[in-house]
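Comments concern the structure below.
These numbers come from a predicted model, not from an experiment.
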Amino acid sequence: MSTFAAIVLFLGVVVYAVLGGADYGAGFWDLTAGGAVRGKEPRRLIDETLAPVWEANHVWLIFCLVMLWTAFPGAFASIMTTLYIPLGLTALGIVVRGSGFAFRKVVVETEQQRVTGAAFAASSVITPFFLGTVAGGIASGRVPVDGYGDALTSWVNPTSLLGGTLAVMVVAFIAAMFLTAEARRRGLDKLERWCRRRAEVSALLTGALAVAGIAVLREDAPRLFDGLLSRGLPLVLTSAASGLAALALLRRAAPRVLQGLAVTAAGTIVAAWGVAQYPYMLGTHLTIGHAAAPDPTLWALTIVAAVALVLVVPSMALLFLLQQRGRLTGH
């Protein structure tokens, strides 16, 4: 039951990384779109693509938090008492991002629009970065079993900084691919070229960073490194192959194909982290079995999670289907 709960938890992490990542990455491109005139059309595409679904993606973050603190309360306490600085900055980024995105649609003065737009865009980079540092701190074994680890070195270290930077680059890649597909679906040739160039650049930079990160993990997180090159290797290779295929087919593939390749490339590399870390919950020293709550709690959680997924997944699928068909934006 503990392993099953861990798999369900990590599936939620993968879904949030992909769907929430597309939202954060769109904010990254909003930040780098240029001034009010040059960035007007890209920002309009970002708004119309993001607006119908951005808040719904936080369902998966809530799902992951509930699964973690209910199924693995000891690990949850250890993580929260050690990594409270990056987690607090993550929460702040989520709040500021949501507020900025909502308010920039209703304010009318130019200065106010700039402030709210900057808040949305900047926090779209801050949030995935600090989530990546949290993942790096956990994966490299810097969260003690009893919690209250070093408040700085637990997330300011080579693996965490690699994780944060890679998280920003991965979400930028996902978003650029999704925006390219959306612009192609709408027949917006000029915007498609704009998005495509950014997809190409982000794909190359993400690949280069991932290759450079091998040396970092070998020195700073050897157990994670070994896991990625053994049982996690098929997922790593699948991610690399999907990324290369997306890059090769970027100029001619159908929108759904591009989106599928982007999802596969991002989802499998996150899944590789989970497989490489198995059977440990805290990187190197707390196993899933020892971290798990009692079996009755896990059974009750499994039933509740199953009911929730039966209700939520079809609703989310319908939302994305309507958005992809342009039923929510008038396109």
Side-chain angles (χ1 to χ4, degrees), residues 1-24 52-84 87 90-91 94-95 98 127-128 131-132 134-135 137-139 143 145 147 167 171 174 231-232 235 260 263-264 266-283 286-323:
M1 283 302 299
S2 60
T3 300
F4 178 75
I7 291 172
V8 173
L9 167 62
F10 212 80
L11 285 175
V13 172
V14 172
V15 174
Y16 185 64
V18 172
L19 299 180
D23 284 354
Y24 292 125
V53 297
W54 72 275
E55 193 169 12
N57 288 328
H58 286 305
V59 167
W60 302 111
L61 177 60
I62 297 168
F63 174 81
C64 293
L65 287 173
V66 172
M67 286 291 299
L68 180 59
W69 81 52
T70 307
F72 307 99
F76 177 83
S78 299
I79 293 168
M80 292 297 168
T81 56
T82 300
L83 296 167
Y84 57 88
L87 287 169
T90 296
I94 291 172
V95 172
T127 303
L131 282 173
V134 168
I138 295 171
V143 178
V145 174
V171 301
I174 299 172
R231 57 183 174 274
L235 290 169
V263 167
T264 303
T268 49
I269 197 62
V270 176
W273 161 39
V275 171
Q277 188 169 300
Y278 182 82
Y280 291 96
M281 178 61 66
L282 294 181
L286 179 64
T287 63
I288 292 171
H290 285 100
D295 280 350
T297 301
L298 295 180
W299 275 109
L301 181 64
T302 299
I303 294 170
V304 172
V307 173
L309 290 175
V310 168
L311 294 174
V312 170
V313 171
S315 301
M316 294 283 283
L318 177 60
L319 176 65
F320 291 135
L321 179 64
L322 293 175
Q323 192 273 337

task: Run the numbers on V143 and L286 for side chain to side chain contact (heavy atoms under 4.5 Å, CB included), then give the verdict.
output: CA-CA 10 Å; V143 178; L286 179 64; over 6 Å; no

Give me the atom names and distance for the closest heavy-atom approach of [X] to [Y].
{"X": "Q277", "Y": "R231", "answer": "C-NH2, 4.4 Å"}
{"X": "A167", "Y": "P128", "answer": "CB-O, 3.4 Å"}
{"X": "V310", "Y": "P314", "answer": "O-CD, 3.0 Å"}
{"X": "I174", "Y": "A266", "answer": "CD1-CB, 3.3 Å"}
{"X": "C64", "Y": "G12", "answer": "SG-C, 3.3 Å"}

- request: Show your reasoning for whether side chain to side chain contact (heavy atoms under 4.5 Å, CB included) applies to W60 and M316.
  value: CA-CA 11 Å; W60 302 111; M316 294 283 283; 3.2 Å; yes

About how many Å separate [atom2] of [Y] and [atom1] of [X], when rounded to the nearest 0.5 Å?
{"X": "L11", "Y": "F63", "atom1": "CG", "atom2": "CZ", "answer": "8.0 Å"}
{"X": "D23", "Y": "N57", "atom1": "CG", "atom2": "CG", "answer": "4.5 Å"}
{"X": "M80", "Y": "L87", "atom1": "CE", "atom2": "CG", "answer": "5.0 Å"}
{"X": "F10", "Y": "M67", "atom1": "CZ", "atom2": "CE", "answer": "13.0 Å"}
{"X": "L318", "Y": "L322", "atom1": "CG", "atom2": "CG", "answer": "4.5 Å"}
{"X": "L131", "Y": "L83", "atom1": "CG", "atom2": "CG", "answer": "11.0 Å"}

query: Yes or no on side chain to side chain contact (heavy atoms under 4.5 Å, CB included) for I79 and L68, after CA distance, side-chain angles and deciding distance?
result: CA-CA 10 Å; I79 293 168; L68 180 59; 4.2 Å; yes

message: So does V145 get a backbone contact from the side chain of S78, meaning a donor-acceptor N/O pair under 3.5 Å?
response: yes

Could you list the residues that satisfy side chain to side chain contact (heavy atoms under 4.5 Å, CB included) with [X], not counting sequence neighbours?
{"X": "A271", "answer": "V14, L235"}
{"X": "H58", "answer": "Y16, Y24, L61, I94"}
{"X": "S2", "answer": "I288, A292, L298"}

Side chain to side chain contact (heavy atoms under 4.5 Å, CB included) evaluation trace for F72 with L9: CA-CA 10 Å; F72 307 99; L9 167 62; 4.2 Å; yes

